Amino acid sequence: MLQAQAIAFCGYLAAKLAIAGRAELSIVARGAHLEAIQANGLRLIEDGQESVAPVRAAAKAEELGVQDIVVLALKAHSLTPALDQIEPLLGPDTAVVTMQNGVPWWYFHGLSGPLEGARLDSVDPGGAIWQRIGPQRVIGSVVYPAVEVDAPGLIRHVEGRRFSLGEPSGEKSERVTRLAEEMVKAGLQAPVRDDIRSEIWVKLWGNLSFNPISALTGSTLAAIVADDGTRALARTMMLEAQAIGESLGVRFPIAVDRRIKGAGDVGEHKTSMLQDLERGRTMEIDALVSAVQELGRLTDRPTPAIDAVSALVKRLAVERGCYS
């Protein structure tokens, strides 16, 4: 069984697996989403066609019992408050697939070097997630699909089908291989990486710069890249982050300017941080920005541009009630 938060891309993953009959699926949902899924199933619109996924939906995780695989799609700042809900799902052999953006709480698990086993206070205050979920359970993931929630229980796929997977150790274990096979059979792309951290960094590279700049300016990706000043600021932040990542053994497979161009090519898209600000929701500042600052301190790499942007976006978010 797979437990997934019924939001956006994780709802998409659950729907694809359930429609393909590849797994017995359970979803934790609340309110209108729970009522809609219980009444009508989890509905998915993809390529203009609507399908209904047969899933079990519950308001409380303890109603579902121990699972083989738990997929966590909560935003990073929501994980600690959800630990009481997550723990009843975990048995001795339960794998946990983490689908959060930013630096993951398990980053230093199994990573050889002086920081092996270090815990990041910016994303796991007091080490509560590390202690209660356990990094040995983790399968890392980098998520690429663009998905919208059109109505309660109704997921609309926009583009992309890739969910990269990887063990923190880099091994191609039986559990990650089996999960990838099931996802591929359901029509998804699920490459198993031997260095999931490097792929996490490539996505983080853009998120840590474009997200806060967009929130501060109200600009889309295309507008940030088209403007000389904001493009240069994003580039400086990315180079600071690259120095940190490389000091931790990360391989950046593309050049910074190509990564910036790729962001601009997305077009008139509002980043998730800007969308959260506009809707009055808690912003993912710590996982995307504060964690990179913390890694900079741990590796003695300066982050002056990141520090300045972080201070500004946190001040804005506090004023709007989107960060505390």
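In this chain, residues are counted from 1 in sequence order. Source: prediction; values computed, not measured.
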From the list Lys60, Arg137, Arg132, salt bridge (charged side-chain N to carboxylate O under 4.0 Å, His left out) with Glu87 holds only for Arg132

What distance separates Asn211 CG from Leu204 CG, expressed to the nearest 0.5 Å?
10.0 Å

Check whether Ile260 and Val266 end up in the same hydrophobic cluster, where Ile, Leu, Val, Met, Phe, Trp and Tyr are linked by side-chain heavy atoms less than 4.5 Å apart.
yes

Kindly compute the distance separating CG (Leu221) from CD1 (Ile213), expressed to the nearest 0.5 Å.
10.5 Å

Between Ser122 and Ser290, is there a side-chain donor-acceptor contact under 3.5 Å, judged purely by atom types and distance?
no

How long is the gap from CD1 on Ile244 to CG on Asp300, to the nearest 0.5 Å?
10.5 Å

Could you check if a side-chain atom of Gln275 sits within less than 4.5 angstrom of a side-chain atom of His269, using non-hydrogen atoms only?
yes

Any idea which heavy atoms bring Leu316 and Ala215 closest together, and the distance?
CD2-O, 3.5 Å

Indicate yes or no for a side-chain donor-acceptor contact from Glu159 to the backbone of His157 under 3.5 Å, with no hydrogens or angles considered.
no

Criterion side chain to side chain contact (heavy atoms under 4.5 Å, CB included) on Val309 and Met237, from CA distance to verdict:
CA-CA 9 Å; Val309 170; Met237 294 173 71; 3.7 Å; yes

For Leu154, the other hydrophobic cluster members (4.5 Å side-chain criterion, sorted by chain and number) are Ile45

Does any part of the side chain of Leu89, heavy atoms only, come nearer than 4.5 Å to the side chain of Thr94, both counted from C-beta?
no

For His33 and Val149, what are the C-alpha separation, side-chain angles and deciding distance, and is it a side chain to side chain contact (heavy atoms under 4.5 Å, CB included)?
CA-CA 10 Å; His33 284 290; Val149 179; 3.4 Å; yes

Between His77 and Glu284, does the side chain to side chain contact (heavy atoms under 4.5 Å, CB included) criterion hold? Intermediate values first, please.
CA-CA 7 Å; His77 55 260; Glu284 287 184 287; 3.8 Å; yes

Who are the ring pair (Phe, Tyr, Trp, His ring centres under 6.0 Å) partners of Tyr144, not counting sequence neighbours?
none

Starting from Phe210, can I reach Val256 by hopping between I/L/V/M/F/W/Y residues whose side chains sit under 4.5 Å apart?
yes

Using the rule that two of Ile, Leu, Val, Met, Phe, Trp, Tyr join whenever any of their side-chain heavy atoms come within less than 4.5 Å, decide whether Leu239 and Val292 are in one cluster.
yes

Look up atom CG in Leu295 and atom CG in Leu248, then write down how far apart they are to the nearest 0.5 Å.
6.0 Å

Leu13 vs Met99 side-chain heavy atoms within contact, under 4.5 Å:
yes

CD1/Ile155 to NZ/Lys16 distance, rounded to the nearest 0.5 angstrom?
13.5 Å

Please determine whether residues Leu83 and Val123 belong to a single hydrophobic cluster, defined as Ile, Leu, Val, Met, Phe, Trp and Tyr linked transitively by side-chain heavy-atom distances below 4.5 Å.
yes

Look only at the side chain of Thr230 and the backbone of Ile224, and say whether a donor-acceptor pair between them is shorter than 3.5 Å.
yes

So that I can tick it off, tell me whether Arg235 and Asp257 are bridged by a salt bridge, with the cut-off set at under 4.0 angstrom between side-chain N and carboxylate O.
yes

State, with a plain yes or no, whether a side-chain heavy atom of Pro212 is found less than 4.5 Å away from one of Leu288.
no

Just verifying a value: how many Å separate Leu165 CG and Ile139 CD1, rounded to the nearest 0.5 Å?
7.0 Å

Examine distances only and state if a side-chain atom of Gln38 and a backbone atom of Ala57 form a donor-acceptor pair shorter than 3.5 Å.
yes

Show the nearest heavy-atom pair for residues Ala317 and Ile285, with the distance to one decimal.
CB-CD1, 3.8 Å

Under 4.0 Å between a Lys/Arg side-chain N and an Asp/Glu carboxylate O for Asp68 and Arg175?
no

Closest contact, heavy atoms only, Thr80 versus Pro125
OG1-CD, 4.3 Å

So, for Arg162 and Pro145, which heavy atoms are closest and what is the spacing to 0.1 Å?
O-CD, 3.2 Å

According to a 4.5 Å side-chain heavy-atom criterion applied to Ile, Leu, Val, Met, Phe, Trp and Tyr, with indirect links allowed, do Ile254 and Ile200 form part of one hydrophobic cluster?
yes

Go through the steps to decide whether Asp276 and Cys322 satisfy the test side chain to side chain contact (heavy atoms under 4.5 Å, CB included), and finish with yes or no.
CA-CA 8 Å; Asp276 286 343; Cys322 298; over 6 Å; no

Expected list for residues 105-118: side-chain donor-acceptor pairs under 3.5 angstrom, two or more places apart:
{"residue": "Trp106", "atom": "NE1", "partner": "Thr98", "partner atom": "OG1", "Å": "3.1"}
{"residue": "Tyr107", "atom": "OH", "partner": "Trp201", "partner atom": "NE1", "Å": "2.9"}

Give a yes or no on whether the backbone of Ser164 and the side-chain of Glu199 come within a donor-acceptor separation of less than 3.5 Å.
no

Show the nearest heavy-atom pair for residues Glu240 and Ala305, with the distance to one decimal.
OE2-N, 2.9 Å

Are a donor atom and an acceptor atom from the side chains of Ser272 and Lys75 found within less than 3.5 Å of each other?
no

List the atom of Val28, the atom of Leu64, and the distance in Å for their closest heavy-atom pair.
CG2-CD1, 3.9 Å

Using atom types as modelled and distance alone, determine if a side-chain donor or acceptor of Gln85 lies under 3.5 Å from a backbone N or O of Ala61.
yes

Can you find a pair of side-chain heavy atoms, one from Arg259 and one from Gln242, that are under 4.5 Å apart?
no

With a cut-off of 6.0 Å (strictly less than), are more than 12 heavy atoms of other residues, nucleotides or ligands near CD of Glu174?
no

Taking atom types as modelled, find out whether Gln293 and Ser310 have a side-chain donor-acceptor pair closer than 3.5 angstrom.
yes

Please check if the side chain of Arg231 supplies one atom and the backbone of Val225 the other of a donor-acceptor pair under 3.5 Å.
yes

Using modelled atom types only, decide if a donor and an acceptor are shared between the side chain of Asp121 and the backbone of Gly126 within a distance under 3.5 Å.
yes

Donor-acceptor pair, Asp124 side chain versus Ile129 backbone, under 3.5 Å?
yes

Check whether any side-chain heavy atom of Pro168 lies under 4.5 Å from a side-chain heavy atom of Arg197, and answer yes or no.
yes

Can you tell if the side chain of Leu72 reaches within under 4.5 Å of the side chain of Ile133, non-hydrogen atoms only?
yes

Salt bridge Glu319-Arg315, side-chain N to carboxylate O under 4.0 Å:
yes

Tell me if the NZ atom of Lys270 is crowded by more than 12 foreign heavy atoms within 6.0 Å.
no

Has Lys203 got a side-chain atom pairing as donor or acceptor with Val143's backbone, closer than 3.5 angstrom?
yes

Under 3.5 Å: donor-acceptor pair, side chain of Ser141, backbone of Val97
no

Minimum side-chain heavy-atom gap Val313-Tyr323 below 4.5 Å
no

